[in-house]
Amino acid sequence: MIRYLLNKIGYALLTLFGVVTVIFFLFTVLPGDPARMMLDQNENSEQLAIVKKKYGFDKPVATQYLYYLNDLSPVSLHSTNPSNYTFLAPAKYNAVQIFNVGVVIVALKTPYLRESFRKSGSKVTDIIANTLPNTFILAFFAIALAIAVGIVLGVVSALYKDSLTDRLIALLSSVGMSVPSFFSAILFAWIFGFLLHQYTNLNMTGSLYEVDDFGEGSFIQWKNLILPAIVLGIRPLGVVIQLMRNSLLETLSQDYIRTARAKGLSEFTIIRRHALKNSLNPVVTAISGWFASMLAGAVFVEYIFGWNGLGKEIVEALNNLDLPVIMGSVIVIAATFVVINILVDIIYAWLDPKVRLE
């Protein structure tokens, strides 16, 4: 099991290294001067030189790449030379020194994603830390809705196979999987947040936290979660319905189910005690993948509904060419994908020892 886990971690680190490399070179070749973006309209030649030296923008691309890897690495190299801005350790990284060789310090630190161009002085890690929890909350409720409704509709569809109910549920599932999230978001916001607002009391836009009328504090507004959670959960809902239906139909054709029926057990008891549990494996597999993908899929949903999550932050960063925020957000989302996949693989290996031998 330990060897299996180490292999998975090794593959995960290689995957993240590939993502970081692609992201860095993709955004490095974009037109524009990052130093000018940081200074906006207030730059002069002296300030421009200081910023370029501080962040290594005056160095060749290969050197900038090594600097970026050094920023992200938990074990990194730094300098005690105050004139070397790029590798100045304590103030910039909050690093813990392990040992030093001359002016070079080997330190332990959290990954440093640099500072936002748009929000001067704001660390990308702080921006992500303030917005990512809202995205996790939205993704959790969306996948919970998809699971609860999808399993029920999948079971109903399987029990009434080839009936009108089955066809209607299949149509709902197909529409849910095919309609883009940004279109669903606009449609739901317009219908339920504008046209039917007097009946639903739902807003077209709004985040989890809202400021009170006197501006003295914030409070949680749970109703703002309803529409974006439904929209974000529509696509996984369609997948869960189809997987649950097909898996349950296959389970109901097994010999032990026929034996249970021959014993005189009711159909409800057979479904609840025997068929349902054994039909959930493909659903669990799909859920693990969908929860991670929702972090990326929430980008336009959050922006349309004004939900203050990581997705909205990414769109605003793209509009303002805030490269550190974009790069840091993509890396965090990729790391989340990798971590969730590792956890799922570990659970599978624990449940089925055969997986470890593959």
Side-chain angles (χ1 to χ4, degrees), residues 1-8 11-12 139-179 229-294 297 337-358:
M1 185 65 179
I2 295 178
R3 182 180 178 183
Y4 175 82
L5 181 59
L6 291 176
N7 286 336
K8 288 297 179 181
Y11 288 132
F140 174 79
F141 278 94
I143 200 67
L145 175 68
I147 294 169
V149 179
I151 289 177
V152 172
L153 292 182
V155 171
V156 171
S157 183
L159 294 179
Y160 295 93
K161 180 185 176 183
D162 297 330
S163 66
L164 178 61
T165 301
D166 182 26
R167 292 189 179 93
L168 289 176
I169 294 175
L171 177 63
L172 173 66
S173 174
S174 299
V175 171
M177 289 188 291
S178 59
V179 176
I230 291 174
V231 170
L232 194 60
I234 286 177
R235 296 188 71 185
L237 171 63
V239 174
V240 171
I241 290 174
Q242 290 298 319
L243 288 175
M244 192 65 216
R245 177 187 182 275
N246 297 335
S247 180
L248 184 58
L249 286 175
E250 182 179 353
T251 302
L252 291 174
S253 65
Q254 300 297 318
D255 291 337
Y256 71 92
I257 297 295
R258 286 193 286 268
T259 302
R261 285 172 177 159
K263 290 180 179 180
L265 296 178
S266 66
E267 196 69 17
F268 176 78
T269 302
I270 292 173
I271 296 294
R272 182 176 62 87
R273 296 180 57 182
H274 300 286
L276 185 60
K277 181 179 179 181
N278 294 329
S279 303
L280 289 175
N281 287 340
V283 177
V284 173
T285 304
I287 290 169
S288 62
W290 270 106
F291 184 78
S293 65
M294 278 184 173
F337 265 98
V338 169
V339 170
I340 290 178
N341 286 332
I342 289 177
L343 293 176
V344 172
D345 288 339
I346 292 173
I347 292 173
Y348 285 162
W350 178 65
L351 294 174
D352 185 2
K354 295 179 181 178
V355 176
R356 307 175 210 167
L357 302 175
E358 295 179 356

J.: Nearest 0.5 Å, what's the CG-NZ distance between Leu159 and Lys161?
T.: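 Leu159 CG to Lys161 NZ: 12.0 Å, rounded to 0.5 Å.
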J.: Of all heavy-atom pairs between Ala146 and Gly233, which one has the smallest distance, and what is that distance?
T.: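 Closest approach of Ala146 to Gly233, heavy atoms only: CB-O, 3.7 Å.
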J.: For Leu171 and Val175, run side-chain contact (heavy atoms from CB on, under 4.5 Å): C-alpha distance rounded to whole Å, both residues' side-chain angles, the deciding distance at 0.1 Å, then the answer.
T.: CA-CA 6 Å; Leu171 177 63; Val175 171; 4.2 Å; yes
J.: Once you round to the nearest 0.5 Å, how far does CG of Asn246 lie from OG1 of Thr251?
T.: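 So the CG of Asn246 and the OG1 of Thr251 are separated by 10.5 Å.
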J.: Are the side chain of Arg235 and the backbone of Ser178 linked by a donor-acceptor contact shorter than 3.5 Å?
T.: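 No, Arg235 side chain to Ser178 backbone: no donor-acceptor pair under 3.5 Å.
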J.: Do the side chains of Val240 and Ile151 get nearer than 4.5 Å, heavy atoms only?
T.: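 Yes, side chains in contact.
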J.: Counting distance only, does the side-chain N/O of Ser173 pair as donor-acceptor with the main-chain N or O of Ile169 below 3.5 Å?
T.: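 Pair absent, no side-chain N/O of Ser173 close to backbone of Ile169.
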J.: Minimum heavy-atom separation for Ala12 and Val338, please, with both atom names.
T.: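 Distance-wise, the nearest heavy atoms are CB-CG1, 3.1 Å.
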J.: Please name the pair of heavy atoms, one in Ala158 and one in Leu249, separated by the smallest distance, quoted to 0.1 Å.
T.: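 It is O-CD2, 3.5 Å.
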J.: Counting distance only, does the side-chain N/O of Arg245 pair as donor-acceptor with the main-chain N or O of Val155 below 3.5 Å?
T.: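 No, the answer is negative, given that no donor and acceptor are paired below the 3.5 Å cut-off.
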J.: Quick one, Leu145 with Ile230, criterion side-chain contact (heavy atoms from CB on, under 4.5 Å). Give me CA distance, side-chain angles, the key distance, then yes/no.
T.: CA-CA 7 Å; Leu145 175 68; Ile230 291 174; 3.8 Å; yes
J.: Just so I know, are the side chains of Leu153 and Gln242 near enough to count as touching, which here means a heavy-atom distance under 4.5 Å?
T.: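 Answer no - side chains too far apart.
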J.: Considering only heavy atoms from C-beta outward, does the side chain of Ile143 approach that of Ile147 to under 4.5 Å?
T.: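 Yes. Closest side-chain heavy atoms under 4.5 Å.
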J.: Do Met244 and Leu276 pass the side-chain contact (heavy atoms from CB on, under 4.5 Å) test, and can you show the C-alpha distance, the side-chain angles, and the key distance before you say yes or no?
T.: CA-CA 9 Å; Met244 192 65 216; Leu276 185 60; 3.3 Å; yes
J.: Could you give the distance from CD1 (Ile234) to CE (Met177), rounded to the nearest 0.5 Å?
T.: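 Those atoms lie 12.5 Å apart.
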